[in-house]
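One structure is given here, and the rest of the page talks about it.
Being a predicted model, the structure only gives us computed values, none of them experimental. Residue numbering restarts at 1 for every chain, and letters A, B, ... go by the order of the sequence lines.
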Amino acid sequence: MDINSYNSAKQAALKRYFSRMNDMQQEAVFTVNGPVLVLAGAGSGKTTVIVNRIANMINFGNAYFDTSRQGNDDDTAFLKEYAEGRTDDFDTLRDIVAVDPIRPWNILAITFTNKAAGELKERLSAMLGEEALNIHASTFHSACVRILRSEIEALGYGRDFTIYDSDDSQRMIKNVMGELDVSEKQLAPKAVLSEISFAKDKMITPAELRADAGQDYRKKMISKLYALYQERMRAANAVDFDDILVLTVELFEKFPEVLEKYRNRFKYIMVDEYQDTNHVQFRLVSLLSGGHRNLCVVGDDDQSIYKFRGANIENILGFEEQFEGAKVIRLEQNYRSTQTILNAANSVISNNNGRKPKTLWTSGEQGDKVYWYKAVDETDEAKFVADTILASYKETGRYSDNAVLYRMNAQSNSIERMLVKCGIPYRVYGGMRFYDRKEIKDVTSYLSFINNHNDMLRFRRIINEPKRGIGDSTLTVIEDISRDLKISPFEVLKNCEEYAPLSKKVTALRSAYQMFEFLTEKSEELPLDEFLDVLLDKTGYLDSLKALENAETKIENVQELRTSMAQYMEQAEEPTLGGFLEEVALYTEADRDDGSDDKVTLMTIHSAKGLEYENIFVVGMDDGIFPSSRSFDSEDDMEEERRLACVAITRAKKRLYLTNASQRMIFGQTQRNVTSRFMREIGSELIEKHDNAAAMKKHLEENDKSVTEVRSATLQQQLARSKKASSAPKEAVTYTAGEKVSHSIFGEGIIVSVTPMSNDSMLEIAFDKVGTKKIMANYAKLKKL
DNA sequence: CGAAATGGCATTTTT
DNA sequence: TGCCATTTCG
């Protein structure tokens, strides 16, 4: 018996089983043990690799690289037959080669979005059938919530904790700021929240932030707010999105036996989109994989575009150092785009320094050159897009082949208008999420409060919605009592007669209590959807909606919530109110999108990641828009813009259209921008340049006229303004970095940088008291010192 | 308390 | 320019 021939026959047979994949992809699929980094370029079949790798783990285990198992001559003969395609007997193949096949429930596959998790589950089911149901495929957040639901008591929270979304967090921080008398003008709630979030990601506690602040007034204030915010969250038995991850890490770090339990449960871990992980996520993954080290991360450093929300590209760049002995597999063969498009992407991204060198290639055709349309203004740009789409529609009869991508949402406006004008159906991605609508948030707030009687924030939201005569002042009293006596708002209502300050409101409070008491009871007795009907009726909320404008839409939305509740009940093993609320908190609009009708898609480049279209239009290739002017003074930010460009380019399968405009109206102001530097970086040999000569000429002729018109308009405005202020029009003052200035609101500071912009310049000023701010020179009330 | 008016603000976004 | 959140007024 010849072991080598068994082994090589086995490898050949397995290669045939996974023959739909190229050699590099197979390498990733067969490598089951130890740390693995799969650098998967755009369109390189990343998801396919993940799905097949899991299939390999479950069916064959470490069969491919194993040398311990031996086979007899019959086995070898069978394997040869299989390899040559003379038999398809899968069961026998598995029996002969499998080595320690991995049980589905020992696999944890983590994605960033629910949509990705859903797709993964679907593809796994298609490939593996029933067994796939036992694979834990979910987002970081749902995986952690699941763990916290059974373990969080160790950290002093209750199991029925409520998840606060960003809107809730914002309300909470505003409340906290009000309590500490911090004006929202002095410190933007959004900024405070983002600093808290940043601190949480770094796992810095309020006390540590405080210690770190030293004499920095702003930092000290933020640490105070952070401390109170956490205190209130805990009292409400609520966690925010950051907490979900942070608390899980805390749990694992404080309780080794709990960590051990989950290490044993999740023996094999895969992380998708690893380039977008932040610090806590890295820590979490490190902890979980710490014992067995079976960690496979998949991602593309060239597509890391979420630095602004905490993604740390160093996680993927440093993987080999952090996980010693990691195997690195590069997937560079692209199955999506033409070679020309790939060359454009390669060419742009090669200007970045902080990256792992990769070159995308395809065995497919060269394809057409990149089409550059140099528009006169944003209307001309939109017209070009619409015309081109119409032309393609004539050929293919499909609108859905086309997507228009832009750097910022504000750019969609001009495109939308033109598409409407030309009768082209379209859909805009992003925007208001279903669960963010007021009526939906109100109803879920009712549900939340009934589910968690400590949830003060939700209680506040709905106690007087519809009006029950319980206004702000009464609420403040309730809140104080609840805090002082450490009891829930529900309890305060229950015992309202006992508290003197509430004596005038006893009737209203009593009836509110009875209502919530009744609903709480019903929530335990009735099926969820029936309970919702009772709630809508008993609270009078549905009736109150009827009186509003757009009542129909709002009622429809509430009905839709009922539908998703019914769906949840069908799909969940054990439907509970808490479970439903968890879904509401963790799931987003994108998960409900079907995308089935024939429409052009409009979206930001960020939301286009992972998608592909025959024809891609990237509009606004102006320096200042894309790349964003905010990235001009930081090389790191510019590199991220460049990665974004790479993402945009590689969305196109067949044709790529890039447009810029010599003049464009944005935020009510006309800007003149030079062509995006990325156009130059693509290289002229890949580009076919076009413009609208007639429009250009007309534009030039009109330009003198329009400029004078604009001037006279501004002059008039200035005159009007000066009349109001009864002072002479401002003289243009020039500023230079290093100058000391005084601002009417922010106080004294030093100019850090001066960026000239159209007719004005943007000053970055480090104020002594309020930190660094960006201000337009002409608008700032500045005095030179 | 609710509608109207003002004012400030404007990358990118998932959970 | 257009949206929103907050203020202001009746």
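Regarding contacts with the backbone of B:dT15, every side-chain N or O of A:S142 stays at 4.0 angstrom or more from both OP1 and OP2. Put simply, A:K467 has a side-chain N or O that comes within less than 4.0 Å of OP1 or OP2 on B:dG2. Between A:N413 and C:dG2, a side-chain N or O to OP1/OP2 separation shorter than 4.0 Å is absent. OP1 or OP2 of C:dC3 has not a single side-chain nitrogen or oxygen of A:N409 nearer than 4.0 Å. Residue A:N114 places no side-chain N or O under 4.0 Å from the OP1 or OP2 atom of B:dT14.
Using a 4.0 Å heavy-atom cutoff across all strands shown, A:Y306 reaches sugar-phosphate atoms only and no base atom. Nucleic acid contact class of A:S607 (heavy atoms, under 4.0 Å, all strands): sugar-phosphate only. Contacts of A:T604 with the nucleic acid, taken as non-hydrogen atoms under 4.0 Å apart, involve only primed sugar atoms and P, OP1 or OP2. Counting non-hydrogen atoms under 4.0 angstrom, A:R417 reaches the backbone sugars and phosphates but no base. Within the nucleic acid shown, A:E378 has no heavy atom closer than 4.0 Å to any nucleic acid atom. Using a 4.0 Å heavy-atom cutoff across all strands shown, A:F112 reaches sugar-phosphate atoms only and no base atom. As judged by a 4.0 angstrom heavy-atom cut-off over every strand, A:K174 is placed among residues touching the sugar-phosphate backbone only.
Between the P atoms of B:dT12 and C:dA5, the separation comes to 15 Å (whole Å).
Pair assignment for C:dT8: B:dA3, on the basis of Watson-Crick or G-U wobble contacts that are both within less than 3.5 Å.
A:E184 and A:Q186 are not linked by any side-chain donor-acceptor pair at a separation below 3.5 angstrom, with hydrogens and angles left out of the test.
In A:K421, the NZ atom is not crowded: 12 or fewer heavy atoms of neighbouring residues, nucleotides or ligands sit closer than 6.0 Å.
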